Amino acid sequence: MSTPFTATILGAPRIGPNRELKRAVERYWAGRIDRAALEEIAAGLRRDALSELTRAGLDSVPVNTFSYYDQFLDTAALLGALPNRVRGVADDLDRYFAAARGTADIAPLEMTKWFDTNYHYLVPEIGPDTAFTLHPEKVLSELKEARSQGVPARPVIIGPITFLALSKAVDGAGAPIERLGELLPLYTDLLGRLADAGAEWVQVDEPVLVTDILDNGPELAEQVYTALAGAAKRPAILVATYFGEPGAVLPALARTQIEGVAVDFVAGGDQSISGLADKLLVAGVVDGRNIWRTDLHAALARLDGLVGSAAAVAVSTSCSTLHVPYSLESETELDDALRSWLAFGAEKVEEVATLATALRSGRDSVAAELEASSRAVASRVRDPRLHNDEVRTRLDAVLAGGLGRGPAVERRKAQDARLDLPSLPTTTIGSFPQTVEIRKARAALVGGEIDETEYTNRMKAEVETVIRLQEDLGLDVLVHGEPERNDMVQYFAEQLDGFFATKNGWVQSYGSRCVRPPVLFGDVTRRQPMTVDWATYAQTLTDKPVKGMLTGPVTILAWSFVRDDQPLADSANQVALAIRDETVDLQSAGIAIIQVDEPALRELLPLRDADKAAYLKWAVDAFRLSTSGVSDATQIHTHLCYSEFGEVIGAIADLDADVTSIEAARSHMEVLDDLNGIGFANSVGPGVYDIHSPRVPTADEMVTSLRHALGAVPAERLWVNPDCGLKTRKTDEVTESLRHMVQAARLVRATG
Ligand code: GLN
Ligand code: ZN
C-alpha cells in the first residue's frame, strides 16, 4: 500500500472566509473585473486555504475542491459533457458560466439538491451526441499549484458512477449510467496524468453509493473500481462514500485493488468494518455537515474500535466541510457556553488533527484538548436552555389531545359561510418584490442610521402600497407582502428562543448564492406573537380577507443547523407548537385565513427508501400540530414548491390543509393528476405561471392553464395563484403578471 496518511478532510468551502469569491465572481459577471483579476483572487483564496489546512496538521490535503460555481459542473467540463448549446461561447470560463447561469439565448442547466444537503448542483445533460473527452487542465493545474506550495495534495474528483447516476438523459438518450463503459478509459487516462503530476493519492467521490438511486450499486462499484485499480500507472485510490452507510458497497469495494475507502460514521452511524486488511480506512468521525463540536472522547472510542479493522486508519470529517461556515472566529456575539459547543470548518480541521495525534501518540499528547472537549460536552448537557420542562409538558398535553380538525367538508362549510369568496379565488403566495427601498431600510436599521420605529413605519408604508396594489388588481385574498422578512426561516428563528443567528456563518447554496442558516440549539419557545401586528395592520387597510403568513416546522428545520442531541421529530414538534400558538393568536386577532408554508417538505426526505415513511410521518404530524389549533372556520393554506412531488404526494394529502398552493407551471399541471390519483379532495391552487422568469405571461396562456387544470379539478376546489412568492421579481413585472392572472380567472369564471 502507498504511504497511508493519518489526518484529512474530504473537501473544504471555497466561497472565501468573507465571501470573497462570491463578490469576485459577481463582479466578473457584471463586467467590472476581467478574467485575470478573477483568477488572481481565486488563486489567493486557494493558496490561503491550503496553507491553513497544512498548518493545522493535515498530512493529506484535498485539492480541486475549489470551484468557480459547482464541482459537479466542473466534472461535466472535465469529461467534455457540457451541453452542446454552450459550444459557441468562445472563452472557456464564459462557456462554463453559460452552462451554469444561461445567457440571453442559452438556457442554463437545471439545478437540484445535492443529496439531503442545502447545496445545489447543476445537472449535466447526457444526450445521444454527448461525446465524452478528457479536459484535465483544472485538476492538473490545481494539483501543480498545491505541490509548488509544498502541500501534500490529494486531488478530489467525482467518480463515474455518481456522475452518471446524477446526470439526466436528454434528446431521447438512454439512462446515462449505461454509458459507464465510455467513461472508464477517460478516468484511467486521468489517473495516469495525476500520477505523472506527482499525486500520491486521488480521492474519488461516490456518494451515490449510499442511496437507493441505483439498484445495482455494489456490482457497479466492484466493476468500476476493479477496472480503475487495474490502470497501468496511477496514484493510490481512495473511494469516498459519505452522507450515509455504504452497506453492501463496502465489501464490494473491499474486493477491488483500490487502496482506501472513506466511510461516514456520522450520517452512517456505527458500522462494523471488515475486509479492509490491505486498505486504508478514512474514518469520518467529525461531522462535516453540522456545526457541533465533536465529543473527542466518543470519537476516540470509536476510532479505537476501528483500529485493526483495516491496514491503517486515518481521521477525517464525515464529508466535505463545504456545508459549514468557515470559522468561529468572527462569531464574537455568542456567549461563551454556546460558543464552546460549536465547531465550524476551521475548528473541525483542528479536531481531526487532534484525534489523529491522539491515535498516533496517545491520549496524553492531547490532554488539554480532550479536557476542553469534555468540559464543553458537560456544559451543553447541563445548560438550562436545552431542556425547558414547561414546553415539554405542554407539548405532551397538546399531542395527547390529537392533531385532527373537523372533517374537511364541515370546515369547508364553515369557511364558505365566513369568507364569501367567488369561484376560482385569486391570491398570491405571500411575498411581494423586495424593493430597493426595503433593502435600504433594512441596511439602515442594521447600520444604526434609523431606529426600530422608523423601520417599522417604512415597512408599514410598503404594506399599504402592496394592499392598494392588490385591491386595484382585484385579487380576492390579499397578503401583506412580507417586506419585514429578510428570509422566511431566519425571520422566525430570530424571534424564537432556542435559536441563534450567526454573524458570518455563510454557506454556499449554489454558485455565488450563500445562505446563513440559523442554529437551533435548545428547546423552542415563542417569546411573544411574531406576525400578528403585521397581519392585523394589513387587515385594517382592506375589507378583503388578508392571509396570515407563517413558515412551517419542517421548512424551519430544513433551512437551519439542527441540534444533534435529540431526534429531529422532537425538535420539529417544538417548533410546531410555537407556530400553532401563532395561528391561534392570528385567529383571535380576526385573521380568517392562515398559510403555513412547507416548501422544504421534500428536502429532508431520507436517502434510503427504508427510512422515508418514518420521516414523512413525523413531518406530516408536525405540520398538523402547527395547524390544528384553530377552529374549522379558519381556513388553513399551505404552499409547496421546488420539487417533483412524486415521493411526497401522499404526505401532501395527509397535511390536510384546506387549500394547497403548489408549483405546477413548469410541469404543466401534472401534479394535479398525481393528487387525483391518491384521492386528494381539498382545494388546490396549482401555480398558473412561473415566477422564476422575468417574462410576463399573457392572460391567454393562463386561461389555457386554468382550463387544463379544470380538466383535473372541479371549479369549486380550484384556486388561482402564481407558482411561488414574488420577492425576487420587479414590481412592474409582478403588476402586469397579476393583472393578467386576474383577467384570466374572470374569463374562465364567466365562460368555464
Ligand atoms: N410565503 C413565501 C413567499 O411568498 C413562500 C416562499 C417559498 O415558497 N419559498 O415568499
Ligand atoms: Zn414557493
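These numbers were taken from a predicted model, which means no experiment stands behind them. Just so you know, ligand 1 is whichever comes first in the structure, and atom 1 is the first atom listed for that ligand.
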Counting each atom of ligand 1 from 1 as listed, which ones have a heavy atom of [X] under 4.0 Å away?
X    : result
G430 : 4 (O)
E482 : 1 (N), 2 (C), 3 (C), 4 (O), 10 (O)
C641 : 8 (O)
G725 : 3 (C), 4 (O), 10 (O)
I429 : 1 (N), 4 (O)
K727 : 10 (O)
H639 : 8 (O)

Can you tell me which residue and heavy atom of the protein come closest to [atom], and the distance to 0.1 Å?
atom                   : result
atom 4 (O) of ligand 1 : S431 N, 2.9 Å
atom 5 (C) of ligand 1 : D597 OD2, 3.3 Å
atom 6 (C) of ligand 1 : M488 SD, 3.4 Å

*asked:* Are the side chains of Q71 and Y121 in contact, using a 4.5 Å heavy-atom criterion?
replied: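 No; the side chains remain at least 4.5 Å from each other.
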
*Taking C-beta and beyond as the side chain, do T531 and M549 meet within less than 4.5 Å on heavy atoms?*
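They are not in side-chain contact.
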
*Any chance the side chains of T551 and D597 put a donor and an acceptor closer than 3.5 Å?*
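Looking only at side-chain atoms, D597 and T551 do not form any donor-acceptor pair under 3.5 Å.
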
_Please check: side-chain N/O of E603 versus main-chain N/O of N118, any donor-acceptor pairing under 3.5 Å?_
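Here the side-chain-to-backbone pair does not exist.
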
*Under the criterion salt bridge (charged side-chain N to carboxylate O under 4.0 Å, His left out), which of D632, D658, D416 is the partner of R411?*
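Only one of D632, D658, D416 forms a salt bridge (charged side-chain N to carboxylate O under 4.0 Å, His left out) with R411, namely D658.
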
*Any idea how W719 and H637 line up, ring-wise: parallel (<30°), tilted (30 to 60°), or perpendicular (>60°)?*
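W719 vs H637 ring planes: perpendicular.
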
*P599-ligand 1 polar pair, N/O distance under 3.5 Å*: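 By distance alone, the answer is no.
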
*asked:* Quick test of your reading of the model: are R526 and E582 salt-bridged, counting only N-O distances below 4.0 Å?
replied: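 Yes, charged N to carboxylate O under 4.0 Å.
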
_With side-chain contact (heavy atoms from CB on, under 4.5 Å) as the criterion, how do F432 and T465 come out once you've worked through the C-alpha distance, each side chain's angles and the decisive distance to 0.1 Å?_
CA-CA 10 Å; F432 268 70; T465 310; over 6 Å; no

*Rounded to the nearest 10 degrees, what's the angle SG of C724 makes with NE2 of H639 at the Zn ion (ligand 2)? Could you check?*
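Value returned, to the nearest 10°, is 130°.
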
